[in-house]
There are 2 protein chains.
Amino acid sequence: MSDDAAPMSLHTRTENVLRNRTPGNLTREERDVLESAISGTRVMRAGQIAVRQGREVDASTVLIEGLMTRHIDARDGRRHLVGIYLPGDFVDLHAYALKRLDHDVGALTDVTIGIVPHSALERIQTDYPHLTRRLWFLTLLDAAQHRQWVLRLASLNAIGRVAHFLCEMNARLAAIGRSDGERFDLPMTQVDIGEVCSLTNVHVSRVLRELRELGLCTMRASSVELHDVPRLAQLGNFDPHYLYLNDATARLAVSGKGSL
Amino acid sequence: MSDDAAPMSLHTRTENVLRNRTPGNLTREERDVLESAISGTRVMRAGQIAVRQGREVDASTVLIEGLMTRHIDARDGRRHLVGIYLPGDFVDLHAYALKRLDHDVGALTDVTIGIVPHSALERIQTDYPHLTRRLWFLTLLDAAQHRQWVLRLASLNAIGRVAHFLCEMNARLAAIGRSDGERFDLPMTQVDIGEVCSLTNVHVSRVLRELRELGLCTMRASSVELHDVPRLAQLGNFDPHYLYLNDATARLAVSGKGSL
DNA sequence: CGTGAATTTGAGAGCCATCAATCTAAGTGG
DNA sequence: CCACTTAGATTGATGGCTCTCAAATTCACG
């Protein structure tokens, strides 16, 4: 379960953790400590479930490469995403204190993950109060994103929801160097996007067509291009403050232009 | 700002914190420590804003009496609740690590709150690792509730949302001894409920009528009576596991009957 | 008893779901 | 090299849930 797929140079596994977030990147020492808390890495195929709802777990997962989801299967048989995670995100850090999750964690694409035993987190909690607070902060970031997802469903219509989601992905990907502020890869199907925005794939298709016809963005295969970030942000009522990005990244996220 | 409204006997201010939650109530010592972290109490009138979005804060708030909300004003002028809080809940504990909130915190009714300076939380974090973890757990409970609110909006129709919300309130109120499992006070207007469930007050009215006609529950003024908790829970796809209640309370929350 | 807030009811409209068929692209095997 | 397969995307027609607008009614309270 923990055979390293390929040797990784020191820090490459945690380089994206809290990268470009506002209280500043992790210090060198914090990176070392966190890195050494990873007992091993693991590769999973798209579609696999990493953690099942209700199952007791004794390790958390940091996503190194790929896309993962938190999702809940509703009674109607449909799957609903309540979170989506990028490289550098802890997908189930909250399992450390919760022990059992209230949702599933799955791989949306092929992924590489790092395993962080809760025993290692215990040691961090007793020995590194500052890093502990950064980890706590990470789970609070999650909560802030959840609140924004509530707001997205509550206050936006279909096109606004998709615009908001694309803006969020653009901002978060830019923070980890995977978007230049306007263009990025997003290996999601229209069904996936529907599960995020609570829309049918049929309607997602119509919305993407409208965004295309409005000249706001194009999405072909897994490649997204935002042609007018400011107007998209307005359409989706997107304000990146909830992501706690540093200033440069936040500016990029609403203008599409700038440098990191 | 911190004149105690009325003298309170020791522990009455924190008696509801984590009460009947699953890793067990706070220990006597933890209660003492937490109680002494409260620098004072404050009374606020219904409708007042306690913390404004984006404002930097250096203290958190524990709700002692009354109802508070986390809400975000959308561009369309409508207010959307992203959380609702009961006595014993920390309404903005996350401000300790976040410093600036991504939402407003307001009083839904007249409330009494306890002020917990972040300096006191710092001391707890360095001196009481176990209590720190319980506090972390509290913020994770918030996140779990947020996820369920996402799911409520994403997967349920109007009547299901209201049913789910009433079940949640019943469960959480039962945990703090404010519901007998079927009957409780809930001083909210239909506009308020609409802001929770993302419905117009007009439609909330229709939904409550339908619930009444189905014999599932009646809500008059601020008093709620659930006539058939199991059917309500089914209608709202309500499963209280996300609240991490202890077993007795969880059973009560889906059956309406039982004792704590 | 008057006043304003909250609730209730009705009529009409719009957004998005549902159902169904078609189309495209990529991969597979003969 | 092409028929076949399959997942994903697209388009059209229809319907339902909930919003909007408007008016009436009830309730709390001074």
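Here the structure is a predicted model, which is why all the values come from computation and not from measurement. Letters go in sequence order (proteins before strands), and every chain restarts at 1.
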> side-chain hydrogen bond (donor to acceptor under 3.5 Å, both in side chains) with Glu182(A): which residues, sequence neighbours excluded?
Replying inline: Lys257(A)
> Can you check the Leu211(A) CG to dA9(D) P distance for me, whole Å?
Replying inline: 15 Å
> Excluding sequence neighbours, so at least two apart, what forms salt bridge (charged side-chain N to carboxylate O under 4.0 Å, His left out) with Arg100(A)?
Replying inline: Glu56(A)
>> Less than 4.0 angstrom between a side-chain N/O of Arg212(A) and OP1 or OP2 of dA9(D), yes or no?
In response: no
> Does the pair Val162(A) and Leu208(A) meet the rule for a side chain to side chain contact (heavy atoms under 4.5 Å, CB included), with working shown?
Replying inline: CA-CA 8 Å; Val162(A) 173; Leu208(A) 289 178; 4.1 Å; yes
> Can you check whether Thr218(B)'s main-chain N or O pairs, donor with acceptor, with Arg212(B)'s side chain at less than 3.5 Å?
Replying inline: no
> Does the side chain of Asp185(B) come under 3.5 Å of the side chain of Ser222(B) through a donor N or O and an acceptor N or O?
Replying inline: no
>> Using the ring centroid of each side chain, check whether His103(B) and His94(B) are separated by less than 6.0 Å.
In response: yes
>> What I want to find out is whether Arg206(A) reaches Glu210(A) closely enough, with some N-O distance under 4.0 Å, to be called a salt bridge.
In response: no
>> Heavy-atom nearest nucleotide on DNA chain C for Arg220(A) versus Val207(A): which residue maps closer to 5'?
In response: Val207(A)
>> Could you tell me if Tyr242(A) and Arg147(A) have a donor-acceptor pair between their side chains, going purely by distance under 3.5 Å?
In response: no
> Listed in order of residue number, which residues of residues 184-206 of chain A have a non-hydrogen atom at under 4.0 Å from DNA chain D?
Replying inline: Thr189(A), Gln190(A), Val202(A), Ser205(A), Arg206(A)
>> Please tell me whether Arg75(A) and Gln234(B) have a donor and an acceptor in their side chains that are separated by less than 3.5 angstrom.
In response: no
> Looking at DNA chain C, which of residues 70-81 of chain A put a heavy atom within less than 4.0 Å of it?
Replying inline: Arg78(A)
> Among all residues two or more places apart in sequence or in another chain, which pass the side-chain hydrogen bond (donor to acceptor under 3.5 Å, both in side chains) test with Glu225(A)?
Replying inline: Arg183(A)
>> Any residue in residues 146-166 of chain A with a heavy atom nearer than 4.0 angstrom to DNA chain C? Just list them by number, or reply none.
In response: Asn157(A), Ala158(A)
